[in-house]
Amino acid sequence: MLCMTYMLNDIDEAIDRKFLVTKKLDSQVEPGTIVHIMDAHSNKDGSINVYYRITYTKKEYTVKFDNIKQFCKWARPDNFIARHYENFNIKEIQRYVKIKDRTFASFCLPLILIALIAVWVFCIIILGVGMPSIVAGLVLSALSAVAITMAYRNNRQKELIRFYRKVSSNANWGVNFK
């Protein structure tokens with residue numbers, strides 16, 4: 001089975017690697033936790049058993065997934081956080097996951113749709129129905145879509161640089177992220 005998101009063809013590829021947990025697993029692990037996959041094996045029914053250790057607490061657990069796709073929804077490889085997890089607390093890692101998971105479709109499109117509705121309602125109420133309201137609606141629609149897209153990109157970049165800056169200040173890389 002192929003896990004398209006993170007390119008795991010087989011669960012054996014996950015062994016002896018660190019993964020960033022993105023979904024809560026009751027009474028075991030919270031999102032934003034780094035786990036080390038110690039062992040895993042496939043069962044005859046297609047399910048997989050995964051043995052992992054929580055990096056912070058060194059506690060070991062076993063979990064069963066129906067398939068690799070479910071495993072990939074639960075955790076993903078993230079070299080940046082895996083290498084520098086000691087620089088972040090759990091809230092910061094959860095914020096990192098949230099920022100990295102944002103996509104144009106999941107974050108910008110709903111905001112653009114709301115802005116378009118507001119723009120057209122505003123234009124029709126203020127200018128009435130006619131050519132001036134259509135022209136104003138088109139111009140304001142384009143401006144709002146561009147503004148939301150730029151804000152999304154700038155916010156994402158600013159947040160990621162904040163994470164890189166925090167790591168670089170502790171690691172003496174010789175690079176200053178601004």
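Heads up: numbering here begins at 1 and tracks the sequence.
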Does any part of the side chain of [Y], heavy atoms only, come nearer than 4.5 Å to the side chain of [X], both counted from C-beta?
| X | Y | result |
| --- | --- | --- |
| L25 | Y52 | yes |
| I161 | K158 | no |
| S144 | I112 | no |
| H36 | D16 | yes |
| D39 | I15 | yes |
| N155 | I99 | yes |
| K64 | Q70 | no |

Nearest 0.5 Å please: distance from the [atom1] atom of [X] over to the [atom2] atom of [Y].
| X | Y | atom1 | atom2 | value |
| --- | --- | --- | --- | --- |
| I48 | K69 | CD1 | NZ | 13.5 Å |
| S42 | I68 | OG | CD1 | 6.0 Å |
| Q28 | K59 | CD | NZ | 11.0 Å |
| K98 | F107 | NZ | CZ | 8.0 Å |
| I34 | R53 | CD1 | CZ | 14.5 Å |
| F71 | F65 | CZ | CZ | 6.5 Å |

Are [X] and [Y] connected in the hydrophobic side-chain network, where two residues link if heavy atoms are under 4.5 Å apart?
| X | Y | answer |
| --- | --- | --- |
| I114 | L109 | no |
| I125 | I117 | yes |
| I90 | F19 | no |
| I37 | Y61 | yes |
| F80 | V97 | yes |

Do you know the tightest heavy-atom contact between [X] and [Y]?
| X | Y | result |
| --- | --- | --- |
| A40 | Y51 | N-CD1, 4.2 Å |
| S141 | W120 | OG-NE1, 3.0 Å |
| I148 | L111 | CD1-O, 3.6 Å |
| I93 | G32 | CG2-O, 2.9 Å |
| P77 | R17 | CB-NH2, 3.2 Å |
| P110 | A105 | CD-O, 3.5 Å |

Is a side-chain donor or acceptor of N154 paired with a backbone partner of M150 at a separation under 3.5 angstrom? yes

With a 3.5 Å distance limit and no angle check, can you tell me whether K166 reaches the backbone of N87 through a side-chain donor-acceptor pair? yes

So for atom CZ, which belongs to R156, do other residues, nucleotides or ligands contribute more than 12 heavy atoms lying within a distance under 6.0 Å? yes

Matching residue for V50 among V63, V35, T62 - test: side-chain contact (heavy atoms from CB on, under 4.5 Å): V63

Start with the C-alpha distance between F88 and F163, add both sets of side-chain angles, then the distance that settles ring-ring contact (aromatic ring centres under 6.0 Å, His included), and finish with yes or no. CA-CA 9 Å; F88 303 110; F163 286 109; 5.5 Å; yes

Using the test ring-ring contact (aromatic ring centres under 6.0 Å, His included), find all partners of F122 that sit at least two apart in sequence or belong to another chain. none

Among residues at least two apart in sequence or on other chains, which ones pass side-chain hydrogen bond (donor to acceptor under 3.5 Å, both in side chains) with S47? N43, D45

Kindly write out the residues that satisfy side-chain hydrogen bond (donor to acceptor under 3.5 Å, both in side chains) with Y96, not counting sequence neighbours, or none if the list is empty. D78

Salt bridge check: are E92 and R95 linked by an N-O gap of less than 4.0 Å? no

Is the closest side-chain donor-acceptor distance between W74 and T22 under 3.5 Å? no

Take I54 and V29, measure what side-chain contact (heavy atoms from CB on, under 4.5 Å) needs, and give me the verdict at the end. CA-CA 8 Å; I54 297 175; V29 67; 4.2 Å; yes

